[in-house]
Amino acid sequence: MSELLVNFSQWLLTLTQGAEPWDAYARYLPRLLEGVWITLQLVVLSGIVGFIIAIPLALMRIAKSPWLWLFPYCYIFFFRGTPLLVQIFLVYYGLSQFESLRDLGWLWTDVLSQPYWCAIITFSLHTAAYIAELFRGAIQAVPRGEVEAAQSLGVSRRKQYQHIILPRAFGIILPAYGNEVILMLKGSALASTITLLDLMGATRGAIARTYMSLEFFLLAGVLYLLLTAILIGFFRLLENAFNAHQHATRLPVNKLDPQLRDKHLEDNVK
């Protein structure tokens, strides 16, 4: 893949013929696209891990026992109340202060001391706090009638959450969850502060060599816009899949049993 990018960059250089800033764009395009790939990895991995962490946090958050909801409440309060940059520094620079962590062998040398994994850990913990709070509100917003219908059929509490409450809550939070992922995409630019060559890190490296700050920041902004557009389209597809009942505009009334038809349905079709 890198060889393909280099060849594409060389082809662009022949087209630009030394015209700036296009010549500089062509020369640094492979590095910028590698930065885009790292940015996508950060957002996708942290989004998945944060989502997995958020579900038990949300379930504990709605519990009535203070022994269960106190920890997620403090967790959410901390990560929502402190800047993401501070959290990144606490993980990347703070963990090295503990000698017990430095003695963990490969776990320290290959994971906890690497900026890539420190960024993923921080972003995952950060976004989990927001998603957990979204899930808490969505679980409480599930129509009571759906839960009562499941109870009347003798569905166990575990299966209610597994097949009714959590899927319904996921559909409810999808718009807000998409916004949170987009915010995490923009927040991922802070990963460059710990020497990680994501999109912003690669952009700053190109600026340091070409002194074209305006041109390369504009290019980075365009690339972030493209990534945002892709994420928006992806979440629109998810919303259409999980909330299809909200987007139904045509009802096949003519295929219904005559006893089920009424004037209200026919008017909606018209």
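Heavy-atom basis, side chains included; hydrogens, waters and symmetry copies ignored. These numbers come from a predicted model, not from an experiment.
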Are [Y] and [X] linked, directly or through intermediate hydrophobic residues, by side-chain heavy-atom contacts shorter than 4.5 Å (ILVMFWY only)?
X: Ile62; Y: Leu134; answer: yes
X: Tyr116; Y: Tyr93; answer: yes
X: Val44; Y: Leu196; answer: no
X: Phe77; Y: Ile53; answer: no
X: Val111; Y: Ile52; answer: no

- Item | Chi angles and distances behind the side-chain contact (heavy atoms from CB on, under 4.5 Å) call for Leu95, Trp108 | CA-CA 10 Å; Leu95 293 181; Trp108 169 256; 4.2 Å; yes
Spacing of [atom1] belonging to [X] relative to [atom2] belonging to [Y], to within rounding of 0.5 Å:
X: Leu218; Y: Leu223; atom1: CG; atom2: CG; answer: 11.0 Å
X: Leu59; Y: Arg136; atom1: CG; atom2: CZ; answer: 12.5 Å
X: Thr127; Y: Leu183; atom1: OG1; atom2: CG; answer: 9.0 Å
X: Phe135; Y: Ile55; atom1: CZ; atom2: CD1; answer: 5.0 Å
X: Ser188; Y: Ile120; atom1: OG; atom2: CD1; answer: 11.5 Å
X: Ile131; Y: Ile173; atom1: CD1; atom2: CD1; answer: 7.0 Å

Does atom [atom1] of [X] have more than 12 heavy-atom neighbours from other groups under 6.0 Å away?
X: Phe78; atom1: CZ; value: yes
X: Trp117; atom1: CH2; value: no
X: Phe234; atom1: CZ; value: no
X: Glu99; atom1: CD; value: no

Side chains of [X] and [Y] in contact at under 4.5 Å (non-hydrogen atoms):
X: His126; Y: Val91; answer: no
X: Leu84; Y: Ile88; answer: yes
X: Leu32; Y: Val36; answer: no
X: Val222; Y: Phe217; answer: no
X: Ile207; Y: Met212; answer: no
X: Pro143; Y: Arg168; answer: yes
X: Phe89; Y: Thr193; answer: yes
X: Leu42; Y: Phe123; answer: yes

Would you mind writing out the side-chain donor-acceptor pairs for residues 198-205 within the sub-3.5 Å range, not counting sequence neighbours?
| from | atom 1 | to | atom 2 | distance (Å) |
| --- | --- | --- | --- | --- |
| Asp198 | OD1 | Gly201 | N | 2.9 |
| Thr203 | OG1 | Leu199 | O | 2.7 |
| Arg204 | NH1 | Ser192 | OG | 3.3 |

Please check: side-chain N/O of [X] versus main-chain N/O of [Y], any donor-acceptor pairing under 3.5 Å?
X: Glu180; Y: Tyr130; value: no
X: Tyr75; Y: Leu125; value: yes
X: Gln114; Y: Thr109; value: yes
X: Gln160; Y: Ile165; value: no

- Parallel under 30°, tilted from 30 to 60°, perpendicular over 60°: which one fits the rings of Tyr73 and Trp69?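 Perpendicular.
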- Message: What verdict does the side-chain contact (heavy atoms from CB on, under 4.5 Å) test give for Ile76 and Arg61, after you've listed the backbone C-alpha separation in whole Å, the side-chain angles of each residue and the deciding distance to 0.1 Å?
- Response: CA-CA 10 Å; Ile76 293 171; Arg61 183 72 176 83; 4.2 Å; yes
For [X] against [Y], the heavy-atom pair lying closest together:
X: Ser113; Y: Tyr92; value: O-CE1, 4.1 Å
X: Leu85; Y: Leu190; value: N-CD1, 3.9 Å
X: Ala169; Y: Ala138; value: O-CB, 3.5 Å
X: Ile194; Y: Pro115; value: O-CB, 3.2 Å
X: Pro175; Y: Ile172; value: CD-O, 3.5 Å
X: Ala54; Y: Ala132; value: CB-N, 3.5 Å

- Task: List the steps, then state whether salt bridge (charged side-chain N to carboxylate O under 4.0 Å, His left out) holds for Arg236 with Glu239.
- Result: CA-CA 5 Å; Arg236 287 291 182 271; Glu239 288 180 40; 3.4 Å; yes
- Message: Go through it in stages, so that I can follow the logic: the residues are Met60 and Phe71, the test is side-chain contact (heavy atoms from CB on, under 4.5 Å), and I'd like the CA-CA distance, side-chain angles, deciding distance and then a yes or no.
- Response: CA-CA 8 Å; Met60 294 169 64; Phe71 168 73; 4.3 Å; yes
- Trace of the side-chain contact (heavy atoms from CB on, under 4.5 Å) decision for Val142 with Glu146: CA-CA 8 Å; Val142 172; Glu146 297 182 12; 4.2 Å; yes
- Can you check ring-ring contact (aromatic ring centres under 6.0 Å, His included) on Phe51 and Phe170, steps first, answer last? CA-CA 11 Å; Phe51 185 84; Phe170 181 70; 5.6 Å; yes
- Query: Cation-pi between Arg209 and Tyr28: NZ/CZ under 6.0 Å from ring centre and within 45° of the ring axis?
  - Reply: no
